[in-house]
2 protein chains.
Amino acid sequence: MKEELFNDEYFMKQAFVEAQKAFDKEEIPVGAVVVANNTIVARAHNLTETLNDVTAHAEMQVITAATNTIGSKYLNECTMFITLEPCVMCAGALFWAQLRKLVYGASDLKRGYTKCPIPLLHPKTKVITGIMAHESELLLQDFFRKKR
Amino acid sequence: MKEELFNDEYFMKQAFVEAQKAFDKEEIPVGAVVVANNTIVARAHNLTETLNDVTAHAEMQVITAATNTIGSKYLNECTMFITLEPCVMCAGALFWAQLRKLVYGASDLKRGYTKCPIPLLHPKTKVITGIMAHESELLLQDFFRKKR
């Protein structure tokens, strides 16, 4: 059986490339891409330090960029790949965006949206977790080790 | 006893002026100002339709604008006045901003952050509610009546 060419791992690698860009800028290394019809329509990484803006998480930027590209306010035909579990702010944004599918890598045990006991995402959003979780965690650990 | 000149009502009126600007643009009428040392450092209103961006809530924009003005990523010396109770996304952003004090007008029974059973704001954020709630509700009702 031939493996699908554009699978979740393929696009998560692209999100990971974004996380590495954040790392190189001394930003907490989190990266994201948004995909529609097997095509990347937006890519972004965390820029909270560079932009001096707590709202500049990779997810927030990639939502704005993707909706700009596709010309719709809603991402109900899109998948977002993100190297780390979204926080409450970003999950709230994904709710408004009516995202079709969310794929994330590492879990965020402290600030991840799944700590909230009520569902924060849109009821139609499908969620896949753990893709390249180990690599994403290692990159985050590397970052925080350097900072100490 | 002389009433304080710059009280919560004073600044909420300015947030309400912003909400009216949103109304005039056929945006859901929500407005916000951020205040530091009795001075307005940023003002914004909902622009989700104009910008075609679900993240363009008044709160998100006023956080970005305020941190730009004051040159700090954190709003731990600031008060935000907002005509409507923030949603989960905006409450998550206010957590990251470490807002000192939040004053909101009308409650949002459907999408307000207080529907969440765990605290979403920063533990240090003081919250005042109900300031000009009636006026803000009427403006929202007017808007949705026009849309029908």
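Values reported hereafter were calculated over all heavy atoms of this structure, with side chains retained and with hydrogens, waters and symmetry mates removed. So that the names make sense, note that chain A is the first sequence line, chain B the second, and so on, each numbered from 1.
Proximity to chain A among residues 23-30 of chain B is not found for any residue, judged by heavy-atom separations below 4.5 angstrom. Identified by a heavy-atom distance below 4.5 Å to chain A, the contributing residues of residues 67-98 of chain B are B/Thr67, B/Gly71, B/Ser72, B/Lys73, B/Tyr74, B/Cys87, B/Val88, B/Met89, B/Gly92, B/Ala93, B/Phe95, B/Trp96, B/Ala97, in residue-number order. For residues 42-58 of chain B, a heavy-atom distance under 4.5 Å to chain A picks out B/Thr48, B/Glu49, B/Asn52, B/Asp53, B/Val54, B/Thr55, B/His57, given by residue number. Residues of residues 123-137 of chain A placed with any heavy atom under 4.5 Å of a heavy atom in chain B are absent; none qualify.
Within a 6.0 Å radius of NZ in B/Lys115, other residues, nucleotides and ligands contribute 12 heavy atoms or fewer. More than 12 heavy atoms of other residues, nucleotides or ligands shown are found within 6.0 angstrom of NZ on B/Lys146.
Note: the hydrophobic cluster containing A/Ile118 also contains A/Tyr113 (ILVMFWY, side chain heavy atoms under 4.5 Å, direct or indirect links). In the hydrophobic clustering of this structure, A/Leu109 does not group with A/Phe144; members are Ile, Leu, Val, Met, Phe, Trp, Tyr whose side-chain heavy atoms approach within less than 4.5 Å, directly or through other members. There is a path of hydrophobic side-chain contacts, each under 4.5 Å, that joins B/Tyr104 to B/Phe6. Residues B/Leu138 and B/Phe16 fall into different hydrophobic clusters, defined by Ile, Leu, Val, Met, Phe, Trp and Tyr side chains chained together at heavy-atom separations under 4.5 Å. With hydrophobic clusters built from ILVMFWY side chains whose heavy atoms lie under 4.5 angstrom apart, B/Tyr10 shares a cluster with B/Val103.
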